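Each remark here refers to the structure printed beneath this line.
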Protein chains: 4
Amino acid sequence: MNKKPGMPRKRPKQARSAVTVANILEAAARILESEGSTGYTTNAVARVAGVSIGSLYQYFPTKEVITRELIALSNNALLADIQRIADLTPPKERLAGILDAAVKHQLRRPALARLLDQLESQLPVPPDTEARKILVEIIRVSLTAAGFDRAPEVESLDVIAITKGLVDAAGERGETNQELLSIRVKRAVFGYLRQPD
Amino acid sequence: MNKKPGMPRKRPKQARSAVTVANILEAAARILESEGSTGYTTNAVARVAGVSIGSLYQYFPTKEVITRELIALSNNALLADIQRIADLTPPKERLAGILDAAVKHQLRRPALARLLDQLESQLPVPPDTEARKILVEIIRVSLTAAGFDRAPEVESLDVIAITKGLVDAAGERGETNQELLSIRVKRAVFGYLRQPD
Amino acid sequence: MNKKPGMPRKRPKQARSAVTVANILEAAARILESEGSTGYTTNAVARVAGVSIGSLYQYFPTKEVITRELIALSNNALLADIQRIADLTPPKERLAGILDAAVKHQLRRPALARLLDQLESQLPVPPDTEARKILVEIIRVSLTAAGFDRAPEVESLDVIAITKGLVDAAGERGETNQELLSIRVKRAVFGYLRQPD
Amino acid sequence: MNKKPGMPRKRPKQARSAVTVANILEAAARILESEGSTGYTTNAVARVAGVSIGSLYQYFPTKEVITRELIALSNNALLADIQRIADLTPPKERLAGILDAAVKHQLRRPALARLLDQLESQLPVPPDTEARKILVEIIRVSLTAAGFDRAPEVESLDVIAITKGLVDAAGERGETNQELLSIRVKRAVFGYLRQPD
DNA sequence: TATGAATGAGCCTTCATTCAT
DNA sequence: AATGAATGAAGGCTCATTCAT
């Protein structure tokens, strides 16, 4: 009936429901971190969440919806951080602040972040691109504000790509020092931006 | 007995079988490109390869082995290209040549390349890292040869990460112009390398 | 995780499931009787049990576990009978009573009994020998109690072997008269025990 | 076409063929001994026999035929031994001689003997009972010749059953001392025969 | 005639999802 | 609303047998 990709089946209206939803999502996240996509089973999620499989399906009509929520949660958290920084930092330091935030974000749960990226790319219908568009836009504006106005459209995408590349690779080899990684990410991004053609 | 991850079950002794093996691998690649991991089924691979499922299993004892073979093939092709360039190009232009080769490689079958990366990260036992080590080593040497001797170990990894980040992102959004992408990758990499701390 | 040979996956908590488990085991038994090992398929068992294949696997993680359970059930039933008789019968008649029980047991479902023996000998890991040990011990004690103390260890094994030999052969040729068979088994066993070297 | 149970596809007419047939049968026997029914595969048999699978099927139209040949071979060997003994031994010692021969036979390749019994019982169509009938007849005659004329028909079957029971059990627990086993078998058989009702 | 590549029915098992209680 | 038993499509893989070379 309403089996198309979509929002969670019901919006939690009571405190208990909100908790249940949160439990389910956190359980999914933990499973992904500990077992990878292999162990990511609706039954496993329900079990770890301390909920019956029936209840799980009362809140999420589809496994895919759980995945989408997880992705959205992660994206929104990052976006909020970045948004806040963009609002509070003077133009010239803004990009650096954003990069710091991105590194910090990805390093919180590196395995999870990588897996969510994978799952996202496997979704039949690419998810709500809204968050992504906003992110790109914030970067673009920050670039311009900092005087990098050579080709902000492309460069904002590249900045994201470079950052993701470095951060993912770091996560994969278990690097966890935020400081050092942050420095190198900034070097790569600003190097790219300042480099003449 | 011989069920450990490893090489194909049977080394083709007749022309016919060599063709079959090639067909199977190509079929697997095509399915990954067209359907993604979802459609990547041994039965589907066999069907697309124009082979019976039994034949497939005569050459590959496990689906995982097909995946590994696909990964190895891709890695080796890239490595061969890079190796050749490293041997033929003067030190100062070497890194640029390698980057060009990498971009070219990834752009040949962008979707496939990305999926293989994913599948590789999902393998129970990480595959033969030999190829990767050689790649890193070649980059490291090229860095030193070009005078980038600040921290070759880390920087060689970062060069790879930056390149992969940019190239994957390009592939994801369907960018196919090798020229333009190559330029930006080089800008990113050399920018990173030249940027003072 | 819990994939080692062992007990059923889930202890039935509701009446419904207890019935389902029983149905599955009885279905397995019936199939073995009517089709032999050839038709003994998890799908067939599920079908005959009037259960979906998924349900079957909710209670038995492996086909092997079904087999083990079947064997254990049969062994335990026999053992219980024998135990009871051993407890209630005066020493001199004890062995005869046990032999009667054994004949009766094997003749209830002769084909099944024979197939379970076969399946048992094919199990990768020989099953819980506990039941067998108890059986041997009971026989041994009964022998001694009846004054057969020549070599109780060996003779108890031989008593079992003789009985099984006769009973299996009878089952194979369709002999079903418990009385007659019982008499001959006792003749064989007591003849063996009384015969001088 | 002629896919019904039957004789080997072609009677070996040349020395080479006879050797091949023998190789195949011996390979089958060895596999059964070393791997049990699990490893008993036509391809495995061919490999161990040093013959291509195609050749195997040239001599045996069906796996079942291989099994039948194996069973027949074993039966005939035993029968020949027994026949010879029956012909050479005076009536009163005849039965004892036969039992010795039976024990000896079963102890030559105990695992194989047991597996062949199993396979025989699994055959869709019970095999050529000729050998069995002759065996029973020989025993029956020996019984009568030795003065055991209470009920030779039934007793001959029971003698066989008792012997098989003891010998199989011995084989299963690894007993290999022919002497000792032979003594116990004779004790059981003669005990049974001499025991009054 | 020998070879071995090819075939495909069928087996065991998983897991997203439904539904009776 | 919660529970968890039940469902069944689908996937990986085996092995007896066939057939082109």
Side-chain angles (χ1 to χ4, degrees), chain A residues 3 10 14 16-17 20 38-47 51-64 66, chain B residues 3 10 12-21 38-47 49-64 66, chain C residues 3 10 12-21 38-47 50-64 66, chain D residues 3 10 14 16-17 20 38-47 51-66:
Chain A
K3 204 69 149 313
K10 80 174 150 191
Q14 308 174 354
R16 188 153 63 113
S17 312
T20 301
T38 308
Y40 180 40
T41 300
T42 49
N43 284 287
V45 171
R47 183 172 0 97
V51 164
S52 73
I53 183 66
S55 286
L56 183 152
Y57 271 88
Q58 207 129 27
Y59 292 100
F60 298 92
T62 279
K63 188 187 181 188
E64 197 188 307
I66 300 180
Chain B
K3 206 61 155 312
K10 185 192 277 187
K13 295 171 181 174
Q14 306 187 356
R16 200 165 28 143
S17 12
V19 169
T20 299
V21 164
T38 307
Y40 180 40
T41 293
T42 49
N43 284 291
V45 171
R47 183 171 2 96
V51 160
S52 73
I53 184 64
S55 280
L56 184 151
Y57 274 92
Q58 213 142 50
Y59 295 102
F60 299 93
T62 281
K63 188 188 179 186
E64 195 187 311
I66 300 180
Chain C
K3 206 61 156 314
K10 184 192 277 188
K13 294 172 182 174
Q14 306 185 358
R16 203 167 21 146
S17 9
V19 169
T20 300
V21 164
T38 309
Y40 180 40
T41 294
T42 50
N43 284 290
V45 171
R47 183 169 5 93
V51 159
S52 74
I53 183 64
S55 279
L56 185 152
Y57 273 92
Q58 212 142 50
Y59 294 102
F60 299 93
T62 281
K63 189 188 179 186
E64 196 189 308
I66 299 180
Chain D
K3 205 69 149 311
K10 80 175 148 193
Q14 307 174 352
R16 188 154 62 114
S17 313
T20 300
T38 308
Y40 180 40
T41 301
T42 49
N43 284 286
V45 171
R47 186 175 356 100
V51 164
S52 74
I53 183 67
S55 286
L56 183 151
Y57 271 89
Q58 207 127 28
Y59 292 99
F60 299 92
T62 278
K63 188 187 179 186
E64 196 187 307
V65 172
I66 300 180

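The sequence lines fix the lettering, A, B, ..., with proteins before strands; numbering per chain opens at 1. Not measured: the values here are computed from a predicted model.
- Across all strands, D:T42 comes closer than 4.0 Å to base atoms (heavy-atom distances).
- Contact annotation: A:Y40 side-chain N/O to E:dA16 OP1/OP2 distance is not under 4.0 Å.
- How far CD of B:Q58 is from CD1 of B:I53: 11.5 Å, rounded to the nearest 0.5 Å.
- A:S52 and A:S55 are linked by a side-chain donor-acceptor pair at a separation below 3.5 angstrom, with hydrogens and angles left out of the test.
- Counting only heavy atoms from C-beta on, C:S55 has its side chain closest to F:dA6 among E:dA5, F:dA6, E:dT13.
- Taking every side-chain heavy atom of B:S52 into account, E:dA6 is the closest of E:dA2, E:dT18, E:dA6.
- Nearest to the side-chain atoms of B:Y57 among the listed nucleotides E:dA2, E:dT14, F:dC13 stands F:dC13.
- If you check every strand for non-hydrogen atoms under 4.0 Å, C:T41 touches sugar and phosphate atoms only.
- Using a 4.0 Å cut-off, no side-chain N or O of C:Q58 falls inside it from OP1 or OP2 of F:dG4.
- The pairing partner recorded for E:dA9 is F:dT14, the criterion being a Watson-Crick or G-U wobble arrangement whose two distances lie under 3.5 angstrom.
- Remark: E:dA20 base-pairs with F:dT3; criterion is Watson-Crick or G-U wobble with both hydrogen-bond distances under 3.5 Å.
- With F:dA16, F:dA5, E:dG4 as the choices, the nucleotide that has an atom nearest any side-chain atom of D:N43 turns out to be F:dA16.
- In this structure, B:T62 does not reach the F:dG12 phosphate: none of its side-chain N or O atoms is under 4.0 Å from OP1 or OP2.
- Between E:dA5, E:dT7, E:dA9, one nucleotide has an atom nearer to the side chain of B:Y59 than all others, and that is E:dA5.
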